[in-house]
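Single-structure report; data block below.
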Amino acid sequence: MRELIHDIINDPREYWPILAILGAVLLVWGGLCVSGLISMRASTQRRRLWFALAPLIFGLMGVCAQIPLSLQRDEFQFHFDLGWLFLVPLLMGAAGFAFYWKSRQVVVKL
């Protein structure tokens, strides 16, 4: 593992594509998590709905997608599916949508 880290630091051009893709996936993941958090904390029904839609749609697509990450260096092997990261924004978006639905039901009953 230590050799792999030193190799990435010493020659980042070789690992640039995977680092760029990993950074982009994590940036999208962070944006969806923030949107899901805003959907749960929004004060109006309309904001809850709109901020919950992106994490629901893209979170579901991310969970269903297979985004493999695989690194091999001598004896070190690392295999991971990044699609499971999108489960967090999907659940946050579902919670925001549930809060929207609950507040909508309360307003309709009044």
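- A distance of 10.5 Å separates CH2 of W101 from CD of Q45, quoted to the nearest 0.5 Å.
- Note on residues 76-98: pairs passing side-chain hydrogen bond (donor to acceptor under 3.5 Å, both in side chains), not counting sequence neighbours, are S70-H79.
- Looking at residues two or more places apart in sequence or on another chain, you find a ring pair (Phe, Tyr, Trp, His ring centres under 6.0 Å) between F97 and Y100.
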Pairs of donor and acceptor atoms involving the side chains of residues 20-35, under 3.5 Å and at least two apart or interchain, shall be tabulated with distances.
unit_1	atom_1	unit_2	atom_2	d
W29	NE1	L85	O	2.6
S35	OG	F51	O	2.8

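- One distance of note links CG of L19 with CD of E14; it measures 10.5 Å at 0.5 Å rounding.
- Considering only residues two or more places apart in sequence or on other chains, T44 meets the side chain to side chain donor-acceptor pair (under 3.5 Å) condition with none of them.
- Proximity of M92 to P55: side-chain heavy atoms (C-beta onward) are nowhere separated by under 4.5 Å.
- To the nearest 0.5 Å, atoms OG (S43) and CD1 (I38) are separated by 11.5 Å.
- Between the CZ atom of R41 and the CZ atom of R47 there is a distance of 14.0 Å, given to the nearest 0.5 Å.
- Side chains of I67 and F86 form a contact here, defined as non-hydrogen atoms less than 4.5 Å apart.
- Hydrophobic clustering (side-chain heavy atoms under 4.5 Å, transitive across Ile, Leu, Val, Met, Phe, Trp, Tyr) groups F99 together with I57.
- Considering all non-hydrogen atoms of both residues, G93 and A52 come closest at O-CB, 3.5 Å.
- When every heavy atom of G96 is checked against every heavy atom of M40, the shortest pair comes out as N-CG, 3.7 Å.
- Applying the side chain to side chain contact (heavy atoms under 4.5 Å, CB included) rule to A94 yields the partners L56; only residues at least two apart in sequence or on another chain are considered.
- Qualifying side chain to side chain contact (heavy atoms under 4.5 Å, CB included) partners for I18, counting only residues two or more places apart in sequence or in other chains: Y15, L69.
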